Amino acid sequence: MPKRKIEGVVVSNKMDKTAVVRVERIKQHPLYRKYLRRHSRFMAHDEANEAGMGDRVIIEECRPLSRNKRWQIVEWLERGDEA
């Protein structure tokens with residue numbers, strides 16, 4: 001079974017070897033049919049501490065690395081602002 005991969009934006013890189021990635025999805029309301037934005041935050045492993053705030057990345061499911069970490073960063077799509 002292939003590992004899941006999802007795209008998101010790094011919103012925090014203050015931890016050592018860990019980045020928090022926000023993943024947005026669009027969901028339709030079942031009754032009113034309006035499209036709503038929903039998001040989830042995943043802690044992802046970043047071995048070299050190279051993830052920066054605002055980076056668009058692809059994260060992939062992996063074995064549990066800590067209590068909250070089950071994802072790892074595998075690819076950078078776009079570098080964000082370091083400001």
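Residue indices begin at 1 and follow the sequence shown. Since we're looking at a predicted model, the values are computed, not measured.
Between Arg4 and Glu60 there is no salt bridge, since no side-chain nitrogen of the basic residue lies less than 4.0 Å from a carboxylate oxygen of the acidic one. Using a 4.0 Å cut-off between a side-chain N of Lys or Arg and a carboxylate O of Asp or Glu, Arg79 and Asp55 qualify as a salt bridge. Taking the charged nitrogens against the carboxylate oxygens, Glu61 and Lys3 have no contact shorter than 4.0 Å, which rules out a salt bridge. Remark: Arg56 engages Glu7 in a salt bridge, criterion side-chain N to carboxylate O under 4.0 Å.
No side-chain N or O of Asn13 forms a donor-acceptor pair with one of Asn49 less than 3.5 Å apart. Side-chain polar atoms of Arg41 and Ser12 form no donor-acceptor pair below 3.5 angstrom.
Scored by the ring-ring contact (aromatic ring centres under 6.0 Å, His included) test, Tyr32 finds His29 as partners (sequence neighbours excluded). Legend: residues meeting salt bridge (Lys or Arg N to Asp or Glu O under 4.0 Å) with Glu75, ordered by chain and number and at least two apart, are absent.
When all heavy atoms of Lys69 and Ala44 are compared, the closest pair comes out as CD-C, 3.9 Å.
A distance of 12.5 Å separates CZ in Arg25 from CZ in Arg37, rounded to the nearest 0.5 Å. Taking NE2 from His45 and CG from Leu65, the interatomic distance works out to 6.0 Å, rounded to the nearest 0.5 Å. Taken to the nearest 0.5 Å, the NZ atom of Lys34 stands 12.0 Å off from the CD atom of Gln28. Note that OG of Ser66 is 9.0 Å distant from CE of Met15, once rounded to the nearest 0.5 Å. Interatomic distance, OG1 of Thr18 versus CD of Glu47, reported as 10.0 Å (0.5 Å rounding).
Cluster membership check: Val9 does not share its hydrophobic cluster with Leu77, using side-chain heavy-atom separations under 4.5 Å among Ile, Leu, Val, Met, Phe, Trp and Tyr.
Taking a 4.5 Å side-chain heavy-atom cut-off between Ile, Leu, Val, Met, Phe, Trp and Tyr, the cluster of Val23 extends to Ile6, Val10, Val21, Phe42, Val57, Ile59, Trp71, Ile73, Trp76.
A donor-acceptor pair under 3.5 Å links the side-chain atoms of Arg70 to the main chain of Arg67, judged by distance alone.
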Inset, instruction - Decide side chain to side chain contact (heavy atoms under 4.5 Å, CB included) for Glu24 and Ser40; before the verdict, give the C-alpha distance in whole Å, the side-chain angles of both, and the deciding distance to 0.1 Å. - result: CA-CA 7 Å; Glu24 281 200 358; Ser40 300; over 6 Å; no
